[in-house]
Every structure is written in C-alpha cells, then in structure tokens.
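All values derive from a computational prediction rather than experimental measurement. Any value given below was found using the heavy atoms of this structure, including those in side chains, with hydrogens, waters and symmetry copies removed. Letters A, B, ... are given to chains in the order of the sequence lines, protein chains preceding strands, and every chain is numbered from 1.
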Number of protein chains: 4
Amino acid sequence: MNSSNSGMESEQGTEDTSRMTARDRSRVETHRRLIDAGRELFVANGLARTTAAEIARKAGVATGTFYIHFKDKEALLEEAWEEVFQRIGGQMLWIANPVARLSRESVLENARTNAEVLLSSVEARADAFSFWFGPEVAASSAGEKIVFRWAEGIETRLRVEIAQGAVLNGVDPTVAAQAIVGMFVRTLLWWVRDKNRASREAVITTLTMYQVSVYSF
Amino acid sequence: MNSSNSGMESEQGTEDTSRMTARDRSRVETHRRLIDAGRELFVANGLARTTAAEIARKAGVATGTFYIHFKDKEALLEEAWEEVFQRIGGQMLWIANPVARLSRESVLENARTNAEVLLSSVEARADAFSFWFGPEVAASSAGEKIVFRWAEGIETRLRVEIAQGAVLNGVDPTVAAQAIVGMFVRTLLWWVRDKNRASREAVITTLTMYQVSVYSF
Amino acid sequence: MNSSNSGMESEQGTEDTSRMTARDRSRVETHRRLIDAGRELFVANGLARTTAAEIARKAGVATGTFYIHFKDKEALLEEAWEEVFQRIGGQMLWIANPVARLSRESVLENARTNAEVLLSSVEARADAFSFWFGPEVAASSAGEKIVFRWAEGIETRLRVEIAQGAVLNGVDPTVAAQAIVGMFVRTLLWWVRDKNRASREAVITTLTMYQVSVYSF
Amino acid sequence: MNSSNSGMESEQGTEDTSRMTARDRSRVETHRRLIDAGRELFVANGLARTTAAEIARKAGVATGTFYIHFKDKEALLEEAWEEVFQRIGGQMLWIANPVARLSRESVLENARTNAEVLLSSVEARADAFSFWFGPEVAASSAGEKIVFRWAEGIETRLRVEIAQGAVLNGVDPTVAAQAIVGMFVRTLLWWVRDKNRASREAVITTLTMYQVSVYSF
DNA sequence: GATGAATGAGATTTCATTCAT
DNA sequence: AATGAATGAAATCTCATTCAT
C-alpha cells in the first residue's frame, strides 16, 4: 500500500512471523502497517494534522482497528520512535563508538566525524529529522524519551572520559550531555530549515569545536 | 480581577494614558487585561489547553471582545511575548553587555555571570520559562521570534569578538549563536523541570565552560 | 420520527436494502432520515434558518453525524433536490411529452395541459414550490441546477419543433427556454403567495398563450 | 471618499441642502455617504457578505452611526433601491412610453427597442443588474418592491392596450405583467453571466417576439 | 447626531473514542 | 481481531446591535 519511505530509516519488518498463526500474523501485520502509515503521515504532515482515522485509512484498516492496537496517537508515536531509534541510534557516532585511547587527535577526529555523519543523516532525511526532533514531538511524552536516549548515550561516554581524566574539571556529565544535545538539535533544526543560512563546513566546524571544548588536551 | 503574576515580569502598564480619551483608556485597558489574562493562563495551563473564551472570561470581557483585539490566540501570544522580552531581554546579560577589552578573565567572569543570572531568573519563574522556551511555543510562529531574538544578540556579540581576534578560527558566529541558544534552552528546560537532576553549581559551571570554549585565550 | 411530508413528493425509499449488511442499512437509513429531515425543515423554515444541528436533531442523530454524510448544508440540499426532481420532473409535462405531429390544436392543448398540471402541482405543494424555486435556493449552487434542468428540457423540445418548422423564425431555443422558465417560475411564485391576485383560469390562459406564441401556426 | 460608481446610475445628490442648517447638512451628507457606500459594497460583494460595520467604514463614519440612519441593512437596501429606480425606471422603455396609436409596426418596434435598451443597460452595468435583480435581493423584502414596480408599469400599459382592443382575449394584464417580468429578469440574468451563451441578436429577437406575442394584430 | 468598544448568542466544523455487529 | 457509523464535546469565529460618552 505504501512503498514510499518517509521515515528516518530503511523499510524493514523486525518481527519474525514464521512461527505465528495466521491470526497472529495478521495482527502483527496490521500493527506494522499502522506504524508505518502513522510514521509517514506524521513526518509528512505533522502530529496535530494527522488523525487516527487517517492513519487507519492509509494502513488499509478500519478506524476502530487503530484503537485495538494503540491506546491513542501518542502510543503509536512512541512505538514508531522505538523503531526509528533502533536504526538511527548508531548514527549518532559519538555515542556509539567511544575510542579506547583518547588523544587530542582522536577526540577531534571523532567529534568531526560525528558532526559530519549527523549532518549527512539530517540532510538525507530533513523532513524526518525536523519531525522527530521538532517541537511538536518535543511537546509529547514520546519527545521526552527521544532526547533522553541521546543524552544518555553522551553522558555515558563522558563519564568514561572523565574517569580517564580527559575532561576539564567542573564539567558535569549529566549537564554537559543536555548541553550537547540541545546544541546539536537546535543547530541542525535551524540549519535544515534553510541550508543557505550557513555553509556545511561552518556547521560542521562549529559543532566540532563545541564538542571538543571540554576536553583537557 | 487577577493580581497574581505568572508571567516572566513584574506587572506594569507601559502605556501613557494621560492624553487619552476615556474610550481610548478603556480600549487600552481591555487590551492589557486580555494580554495579562492570556499570559497567565498560557503559563499555567499551556497554549493548547487555553481557549480564547477562557482568556476573555478571565479578563472579564465577552468572548467576542477577544476577537476585536486579537486575530487569534497566536496574535495574543506574540504581543505577550513582546512585553515579556522588553523586560527579560536585559537579563540575558551576555547579549546585552559586550565588554570593550576582552581577556581570559573578563570572558570567564562574564560567561559565569550570564549563566548565574539566567539560572536565577529561570528559578524564579520556572513556569514562565518552561512555557516561553518550551516546545509548545517553539511550535508556534511566535516561537520562531523568541529564539531568533536571543540568537541574534549572541551573534552580534560574537561578531564583535571575532573582529577583535578573540575567537578561535573556524567558529561561525551565526552557527555558534544557534548552538549556544540551543544549549542554554535545552539545559535550563531540563534542569528546571527537576532541580535534583544536577546541582546549581554544576549547571552554572558547565554552561560557563561551553560558553568560553570558543575563545582563543 | 417524522411522518409529515412537506417535500414535493410522496415518501418513498428508492434504495434496495435487500442485499445490504445491517451496517449498510443503518448508514443508508441515516442518510435517508437526514435528507428527509433537511428537506422538511428547509421547506418549512427556509435555508438560512435551518442549521445542520437542527437537521441532525430532527433526524434523531448527533450533530457530527450530519458531517459524516454531507459536506455541508448545501450538499444535502443538492441531494434532496435530486430526489425531488426524480418525482416532479415528469410533471413538467411540456418537457416530457413532445408530440410527434404538431398542429395548432395539439400545441395549444399541450401548453394548456402543461400549465394546468403545473398549477395543480404548485397549489398542492405551495410551500415546497416556493422553497425550491424561490430566491433562497436560486442563490445557492443547487439553485443553478434546478432551473437549468427545467430549461434544458424545454430547449430540447424547442429544437425538435424548430427542426419541424413549427416555430417562428428568429426564436433561439436556448434563449426561449430561459424566457419560458423565467415566466413560469416568476408567475407561479407570485400567484402561489396569494391566490387572490388572479383567478386560476387567468393564470392558466395567460401562461398558455405565452407558451404557444412562438409557434408558426 | 468614493468616486467609483458601481451602482446602476450616475452619481448625484438628490437633496437640496441649501436651506439646511449645518447639522442637517451633516446628517443628510452622512445619510448619502452611507447609501452610496452600501450600494457599492452590495453590488461588489453581495448582500450577505457586506456588514453594517463595513458600510460605515467605507462611508467614513462609525459603526453606531449606521444604526442612527437605518434600522438595519435591509432598510438601507430599500432606500438605495429607491434611488436606483428613480434613474433606471425610465430605461424600462416599454413601461415608460406607451404609444398612442398601436399598430403591428409600432408594437414590434417598441418591443424591440425595449429589449435593446434593456440589454444595453444590463451590459453596461452587469454587476449592478445581477445584484438588484438577483436572488439575494429577491429574497429580501426590498426585492419584492423591485420587481413589483416593474410589473406595475407593464400592467398599466397592458390595461390601456386591452382597453384599445389590441390584446388577445384571455390575457390577464396582472398575470401577463408577471410573466413578462419573469421572462426578462431570468433571461437577462442568465445571459449577463456568460454572454457567449447566446448572441445579442438572439436575445433581443426572442425577447421581442415573446413581448409582442399577445397582441392581436 | 456621532462614536466605536463591547456584547453574546449561535453556527460551523473537527475528531478522539466507543460499541454493536 | 476487525469494522466503521455514530457520538457529542469542544473550540473557533462572526456580526447585528447596544450604549455610555
């Protein structure tokens, strides 16, 4: 029914349907379709302008079916985010790949790579990024989790680095993680809305410098 | 009718009513009451949960009167923000007080003072800050302006500092301004929701260090 | 709920409900009730003084149900007219029964019969005629169609008659159809409002004479 | 304030203001301005889409002033029509110029001239004709009068002609007047909306033939 | 007479959610 | 589990009309 993919990830079913009964398969299949339809409509039209009935229609099921699978729109949003996070979490490189031995060079390179990869992801899926990290989702309870997860990753890394003595005294990892996430989200959201506001290079360099600024090298 | 002040500023009429006719005074007075009522309800209950009729009721006028004064809720929001900004703009010290001669010390002191003042303001009016810099307003057209103004101030200052050779090469003032604003807003919003998440000192120090990190001293 | 019939036709369901599911029957039934309620309220109180909520109430359903079945009042009006036209279209005899061989007598008789039948219909359902051919409907988009259909029938007949050489030279069938419809509608609307303005006979004779006046016999 | 004239007549004040006090002149002047403003807005935007406040604004007076001069919109409409009729009444020639001695030729010529003049008037002021003889006004109480006046003129003439034995037996002057007016209004309204529907000549000839059809020559 | 801010009833329209089938 | 018609509570916005100045 829908083959266009306007989420932040490649299309893929994550459920193993081989051991299910026909009914279960149908249930799982319907669930899938609803999430996919919802994610696409959210990204395309925003949260408020997408109705449960519309999602159901796009998924090819009846309105009532929506409420069998999800308590409300918010519940679908959260599930949809889970899936998105499975795939893009790894692209927040700085989170995912802490380097064993730190040096001025490794930190700088890592930070730059991180900024570059993020920028590319965001460019590739501007609509999806704008939606998932935009104010509409931020106002929802799913939004909490979204930024929380990201910050959590950064914090974990910072703690490791602090333990290694790589970070300036006084930097609180919990606070710094929020600061970094806020910086990234705000800057990318701003840039992606109009890329003429700054060159790619300016964004990458500036974000890199702020990232590395708390290191003691 | 309402004397509680849940906006971000002290109550004050800014209009000179001395040269007005009684009718003008009445119109201005009604306008005031609507803005005050709206701001208080927004801050207390959020944008979406506040209706035009409710604002009118709180202001002691008929529903229709609301629409004589404002095209819609959004219009009132923008006007209310203008007023708020008049008063709190100056509290974003880093914006307002560029120092003539820069040094490691002056920059550090300035950044710390900035963080401290902001934190205090935010603590004093947690609800108001959460509202005005929160996602609900960010999603509205007024939200655009709100953050834009702040960033603008920071950018202007950075340009001066760059011209003085005080900033590291590669830092783009436009991008950096967004980064700083994002960092502040996110961190304060996060902290103010639950102050046990980090100590006052941790927040101030961390925000200070990120602010000064791009200076070449 | 309502058994009084103030439309221009006898009550009749035109849908074959035998092959429908219970749900379909329910939907169709609701649709019917809304159209019937709407038509009756329109005819009784006029278009402007009838609200969607009132129609729904009379039909025994919730206000929102109205909007599931019709985009707006206008849409119901059009559907209601379609039904009315199915039944009264045939009563505009002059339209429906072109005579094969024309003569002074056949034309005259036909025109008189036409006037008589119309007059009787209008007398029998004065409210309905006043509504459907009155200015309020004329101002709506449904009104366009209503008169257009009638004129169309007259025009078709005139073309046949012109081809047979039965009509005076210079008479344009398209224009004449408008003229005839205008004449009928205006005269009947005027007469039905106060039948003392002219005798039945005077109306019939005068309308007959104008109808036949363009024939070349 | 307004020099554009979108009514059906040339601009002219009909009041003699020379013997009035300043206050009276002002009152009369305001009245004028309101009528002119109203007529222009009605013709341009229709009755329903024109508000009392809008008329007052265009007339350069306050909203409340409107209600000092007119009970409501309808009252202004009627007064405006009075003025319009003073000027265009004479253009309905058939009404105005009964010929003393009737003949086949005089009747025909008169009818054709009548149709031609009407057509030209309507062409020249399509908006105004569409408004004044359109369904919106017809639905108002002013509309009654408008068509009534016209019919009245036709009826008077027909009575004279009947007395002269110039009209076929059976034609009722009251009914015929309605028929003729309905025919004219409908046809012209239809034609003026899209002049490509029929040639000027077709309209004139057809209307002429229907007019003369009841004469006994 | 003129002013114009204020009134407030009311109509339209949307949509999350339910529930009988 | 799926259906989809029905619900009905909001919320928005308009405008004829009033009335204190």
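Between B/Leu47 atom CG and F/dA11 atom P there is a gap of 13 Å when expressed in whole angstrom units. Following rounding to the nearest Å, C/Ile55 (CD1) and E/dT13 (P) show an atom-to-atom distance of 12 Å. Distance CZ (D/Arg57) to P (E/dT3): 14 Å, rounded to an integer number of Å. The CZ atom of C/Arg27 sits 13 Å away from the C1' atom of F/dT3 (whole-angstrom rounding). For the pair C/Glu54 CD and F/dG8 C1', the interatomic distance rounds to 18 Å; values are reported in whole Å. Here the P atom of nucleotide F/dT14 and the CZ atom of D/Arg49 are 13 Å apart, to the nearest Å. If you measure from atom CD of B/Glu29 to atom C1' of F/dA20, you get 16 Å, rounded to the nearest angstrom. One interatomic measurement links the two molecules: CZ of B/Arg33 to C1' of E/dA6, which rounds to 13 Å at whole-angstrom precision.
Considering only residues two or more places apart in sequence or on other chains, D/Thr51 meets the side-chain contact (heavy atoms from CB on, under 4.5 Å) condition with D/Ala53, D/Glu54. For the side-chain hydrogen bond (donor to acceptor under 3.5 Å, both in side chains) test, residues two or more places apart in sequence or in another chain that qualify with C/Glu82 are C/Arg149.
Taking every heavy atom of residues 61-75 of chain B and every atom of DNA chain F, pairs under 4.0 Å involve B/Thr63, B/Gly64, B/Tyr67, B/Asp72, B/Lys73, by number.
Counting only distance, with no hydrogens or angles, the side chain of A/Lys58 and the backbone of A/Gly38 share no donor-acceptor pair below 3.5 Å. Of the possible polar contacts, none joining the D/Arg39 side chain to the D/Ala80 backbone as a donor-acceptor pair under 3.5 Å is found.
Among residues at least two apart or in separate chains, salt bridge (charged side-chain N to carboxylate O under 4.0 Å, His left out) pairs with a member in residues 136-146 of chain D are C/Arg193-D/Glu144, D/Glu78-D/Lys145. Sorted by first then second residue, the ring pair (Phe, Tyr, Trp, His ring centres under 6.0 Å) pairs that include residues 33-53 of chain B, not counting sequence neighbours, are B/Phe42-B/Phe131.
Residues B/Ala52 and C/His31 both approach DNA chain F. Their nearest nucleotides, taken by heavy-atom distance, put C/His31 toward the 5′ side. Nearer to the 5' terminus of DNA chain E, by closest-nucleotide assignment, is the contact made by C/Ala53 (compared with the other of C/Ala53 and A/Ala53).
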Table please: side-chain donor-acceptor pairs of residues 65-72 of chain B below 3.5 Å, with sequence neighbours left out.
residue, atom, partner, partner atom, Å
B/Thr65, OG1, B/Ala62, O, 3.4
B/His69, ND1, B/His31, ND1, 3.0
B/Asp72, OD1, B/Glu74, N, 3.3
B/Asp72, OD1, B/Ala75, N, 3.1

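Candidate nucleotides E/dA16, E/dA11, E/dA2 were compared by shortest atom distance to the side chain of C/Thr51, and E/dA11 ranks first.
D/Glu83 and D/Arg32 are joined by a salt bridge, as a carboxylate oxygen and a charged side-chain nitrogen come within less than 4.0 angstrom of each other.
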Checking side chain to side chain contact (heavy atoms under 4.5 Å, CB included) for the pair A/Trp132/A/Asp127: CA distance, chi angles, key distance, verdict? CA-CA 9 Å; A/Trp132 288 109; A/Asp127 284 355; over 6 Å; no
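Helical stems involving DNA chain F, defined as 3 or more consecutive Watson-Crick or G-U pairs under 3.5 Å, span E:2-21 with F:2-21.
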